[in-house]
Q: 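The structure follows.
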Amino acid sequence: MERFTSIALRNWRNFEEVDVELQRRSFLIGANGSGKSNFLDVFRFLRDIGPAGGGLQQAVESRGGVSLLRCLEAGHKRNIELRVSLGDDDERDRWVYELHFSQDLRLRPIVSMERIFKNNKMLLSRPDDEDDNDPERLSQTYLEQVNVNKDFRAIAEFFETIHYLHVVPQLIREPDRWVCKRNDPYGGDLLEQIARTKTDTRNSLLRKITEALATAVPQLLELGFVSDRSGTPHLRGRYLSKKPNGSWLNQKQFSDGTLRLIGLLWAVLQGRGPLLLEEPELSIHPGVVRYIPQMFAKVQSRTSRQILVSTHSAEMLLDEGIGLDEVLLLQPSAKGTVIKTASSDQEITDLVKGGATLAESVMPRTVPQYAYQLSRFGDDGR
């Protein structure tokens, strides 16, 4: 299983109904509140329903329950439905996983349907006879039960590789704020991740990150890693200065943009599963942001890693290597947010063919209709 090739949703948060194909690299574009984070959270949810993530009950409870997950446009008795296809460019539906769930009178999530296909052959269809005889079984998916998921455990193992990242620089500067949590989506355990990496691998990765940062942070000459007397890990950088060998600073003196880039590059170079990135352009100079897609492409040329990115950055879309089918446009409507690829929008396609950049063709679609009224705030003296 190389990646997600498509996803269909019904009654999931902002989305009453969505069915969209996914590429190895996808850019989510939409206004604030259009559902970019909620869309990425679907993949985190799939990771969480597996045995390593705690299962269906914990995954739903951590998100506030079925009522908060269900789309507001749906009735309170409607199921939440997810379907994902897994494969590659040659075989897009190697695996298909489908899950429908609602809640019982105790407000617990209950499986309404769970189906799994491999090469168009059905391996699982629930509810089955055993579920009918013992309805309590429907409080769990088969995917999360290692005693029954042998034939399709590859799906659960693939979901476990999903990684979400939205770096908060202050958590890297002060990791004690976020103690004893691995794979922190906000970068709080970045220093611990670096510390756990074998020395040769760690040094190699830090060299690659330093080389990648040469354009964005030209005064940074070298990245290193040390532990102080108490065993606390520190990332340090040698910066250009009047001293012959430069000056060393640790992560507490790094800028927000530098820490974000380091966290982003480390995540891209490490791991093998789908990588979900939330607005990686924050705190980074626009002149650097436009090269982030190229960085993704270089990594993907050596690996099969899928990268899904939410962004508000027009600069990111200036990369001419981004295809129209890699851009997912999220547009709120009276019936929830609609998602479509830029390639399916005739007006965008015509603009690009006419010489407009992708940013010029897509970004105006994300501006709220009445955004100009923000300039009138305070005009009445209040």
Side-chain angles (χ1 to χ4, degrees), residues 1 3-13 15 17-19 22 38-71 74 76-87 93-164 183 273-274 276:
M1 282 178 288
R3 61 180 175 86
F4 290 102
T5 57
S6 69
I7 183 167
L9 307 172
R10 181 171 291 176
N11 302 325
W12 173 272
R13 288 184 163 167
F15 310 103
E17 190 165 3
V18 164
D19 191 347
L22 300 170
N38 287 341
F39 183 75
L40 290 180
D41 191 49
V42 176
F43 302 97
R44 299 172 69 186
F45 178 81
L46 291 171
R47 179 198 62 198
D48 293 347
I49 64 174
L56 177 65
Q57 298 297 316
Q58 184 171 323
V60 173
E61 181 182 353
S62 67
R63 290 165 172 81
V66 171
S67 297
L68 291 183
L69 281 177
R70 186 187 281 122
C71 178
H76 70 279
K77 293 184 179 180
R78 298 284 296 277
N79 288 328
I80 298 172
E81 303 177 11
L82 317 172
R83 187 187 76 245
V84 291
S85 295
L86 314 173
D93 297 320
R94 185 175 301 144
W95 291 91
V96 175
Y97 180 74
E98 186 171 5
L99 175 66
H100 300 186
F101 63 95
S102 188
Q103 63 184 5
D104 62 12
L105 295 177
R106 295 160 57 186
L107 304 183
R108 297 181 307 166
I110 295 295
V111 174
S112 306
M113 177 190 291
E114 185 179 23
R115 299 196 301 180
I116 297 177
F117 298 84
K118 182 179 182 181
N119 297 323
N120 295 317
K121 179 182 178 182
M122 183 179 290
L123 301 183
L124 173 70
S125 180
R126 301 180 68 198
D128 55 21
D129 292 340
E130 293 184 64
D131 295 325
D132 292 338
N133 293 328
D134 184 8
E136 188 69 18
R137 290 162 49 90
L138 294 172
S139 64
Q140 294 182 314
T141 66
Y142 265 31
L143 196 68
E144 67 191 86
Q145 301 178 53
V146 294
N147 59 320
V148 295
N149 71 7
K150 180 180 178 181
D151 292 339
F152 43 85
R153 192 173 297 160
I155 297 178
E157 291 173 347
F158 176 77
F159 287 169
E160 286 175 19
T161 67
I162 296 169
H163 184 61
Y164 169 88
N183 298 318
L276 317 175

Q: Under the salt bridge (charged side-chain N to carboxylate O under 4.0 Å, His left out) definition, can you give me all pairs with a residue in residues 48-62, not counting sequence neighbours?
A: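 Passing the test, one end in residues 48-62: D48-R63.
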Q: So, taking the atom named CG in N11 and the one named CD in E81, what distance separates them when rounded to the nearest 0.5 Å?
A: 6.5 Å
Q: Can you sort out the partners of D132 under side chain to side chain contact (heavy atoms under 4.5 Å, CB included), two or more places apart, ordered by chain and number?
A: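 Side chain to side chain contact (heavy atoms under 4.5 Å, CB included) list for D132, sorted by chain: P127, D129.
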Q: Measure across I49 and A59 and return the closest heavy-atom pair with its distance rounded to 0.1 Å.
A: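 Reported closest heavy-atom pair: CG2-CB, 3.8 Å.
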Q: Rounded to the nearest 0.5 Å, what separates atom NZ in K150 from atom CG in L123?
A: 13.5 Å
Q: Holding to side-chain hydrogen bond (donor to acceptor under 3.5 Å, both in side chains), I want the full list of residues that pass it with S6, two or more places apart in sequence or in another chain.
A: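 Residues passing side-chain hydrogen bond (donor to acceptor under 3.5 Å, both in side chains) with S6: S85.
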Q: Using salt bridge (charged side-chain N to carboxylate O under 4.0 Å, His left out) as the criterion, list what pairs up with E144, not counting sequence neighbours.
A: none
Q: Name all residues meeting the side chain to side chain contact (heavy atoms under 4.5 Å, CB included) criterion together with Q58; count only those two or more places apart in sequence or in a different chain, and write none if there are none.
A: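 For Q58 there are no side chain to side chain contact (heavy atoms under 4.5 Å, CB included) partners, ignoring immediate neighbours.
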Q: Where is the tightest heavy-atom contact between Q57 and P109, given as atom of each residue plus distance?
A: NE2-O, 2.9 Å
Q: Drop me the distance from L69's CG to D41's CG, to the nearest 0.5 angstrom.
A: 7.5 Å
Q: Would you call H163 and P274 a side-chain contact if the rule is heavy atoms closer than 4.5 Å?
A: no
Q: How are the rings of F152 and Y142 set relative to one another: parallel (under 30°), tilted (30 to 60°) or perpendicular (over 60°)?
A: parallel
Q: Please identify each residue that fulfils salt bridge (charged side-chain N to carboxylate O under 4.0 Å, His left out) with D19, with sequence neighbours left out.
A: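 D19 satisfies salt bridge (charged side-chain N to carboxylate O under 4.0 Å, His left out) with R83 once adjacent residues are dropped.
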Q: Report the residue from F43, F4, Y97, W95 that forms a ring-ring contact (aromatic ring centres under 6.0 Å, His included) with F158.
A: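 Passing option: F4.
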Q: Test V42 against I7 for side chain to side chain contact (heavy atoms under 4.5 Å, CB included), laying out the working first.
A: CA-CA 9 Å; V42 176; I7 183 167; 3.5 Å; yes
Q: Heavy atoms, side chains only, cut-off 4.5 Å: are V60 and V66 in contact?
A: yes
Q: Could you go through the side chain to side chain contact (heavy atoms under 4.5 Å, CB included) check for N149 and L143 one step at a time?
A: CA-CA 6 Å; N149 71 7; L143 196 68; 5.5 Å; no
Q: Listed by chain and number, what are the side-chain hydrogen bond (donor to acceptor under 3.5 Å, both in side chains) partners of E17, not counting sequence neighbours?
A: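 Checked E17 against side-chain hydrogen bond (donor to acceptor under 3.5 Å, both in side chains); matches are R10.
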Q: Excluding sequence neighbours, so at least two apart, what forms side-chain hydrogen bond (donor to acceptor under 3.5 Å, both in side chains) with S125?
A: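 If we apply the side-chain hydrogen bond (donor to acceptor under 3.5 Å, both in side chains) test to S125, skipping adjacent residues, there are no hits.
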Q: Working to the nearest 0.5 angstrom, can you tell me the gap between R47 CZ and I162 CD1?
A: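 Going from CZ on R47 over to CD1 on I162, the span is 7.0 Å.
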Q: Less than 4.5 Å apart, any side-chain heavy atom of I116 and any of V96?
A: no
Q: Could you tell me which residues satisfy salt bridge (charged side-chain N to carboxylate O under 4.0 Å, His left out) with R153, sequence neighbours excluded, listed by chain and number?
A: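 Not a single residue meets the salt bridge (charged side-chain N to carboxylate O under 4.0 Å, His left out) criterion with R153.
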Q: Run the side chain to side chain contact (heavy atoms under 4.5 Å, CB included) test on S139 and I110 for me, step by step, so that the C-alpha distance in whole Å, both residues' side-chain angles and the decisive distance to 0.1 Å come before the verdict.
A: CA-CA 5 Å; S139 64; I110 295 295; 4.2 Å; yes
Q: Under 4.5 Å between any side-chain heavy atoms of Q145 and P51, yes or no?
A: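 Sidechains of P51 and Q145: no contact.
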Q: Mind checking ring-ring contact (aromatic ring centres under 6.0 Å, His included) for F45 and listing every partner two or more places apart, or none if nothing turns up?
A: W12, F101
Q: I'd like to check the salt bridge (charged side-chain N to carboxylate O under 4.0 Å, His left out) partners of R108; sequence neighbours left out, ordered by chain and number.
A: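 Partners of R108 by the salt bridge (charged side-chain N to carboxylate O under 4.0 Å, His left out) criterion, ordered by chain and then number, come out as D104, E136.
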Q: Give every residue pair that meets the salt bridge (charged side-chain N to carboxylate O under 4.0 Å, His left out) criterion with at least one member in residues 114-123, sequence neighbours excluded.
A: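 For residues 114-123, and leaving out neighbouring residues, the salt bridge (charged side-chain N to carboxylate O under 4.0 Å, His left out) pairs sorted by first residue read E98-R115, E114-R126.
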Q: In the structure I gave you, are the side-chain heavy atoms of L22 and T5 within less than 4.5 Å of one another anywhere?
A: no
Q: Report yes if the side chains of L138 and D131 come closer than 4.5 Å at any heavy-atom pair, otherwise no.
A: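 The answer is yes, as the side chains (C-beta and beyond) meet within the 4.5 Å cut-off.
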Q: Flag the pair E130 and R137 as a salt bridge only when some basic side-chain nitrogen lies within less than 4.0 angstrom of an acidic carboxylate oxygen.
A: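 Yes, this pair counts.
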Q: Relative to Y164, does R44 satisfy both conditions: NZ or CZ under 6.0 angstrom from the six-membered ring centre, and within 45 degrees of the ring's axis?
A: yes
Q: Can you confirm whether S102 sits close enough to N79 that some side-chain heavy atom of one is under 4.5 Å from a side-chain heavy atom of the other?
A: yes
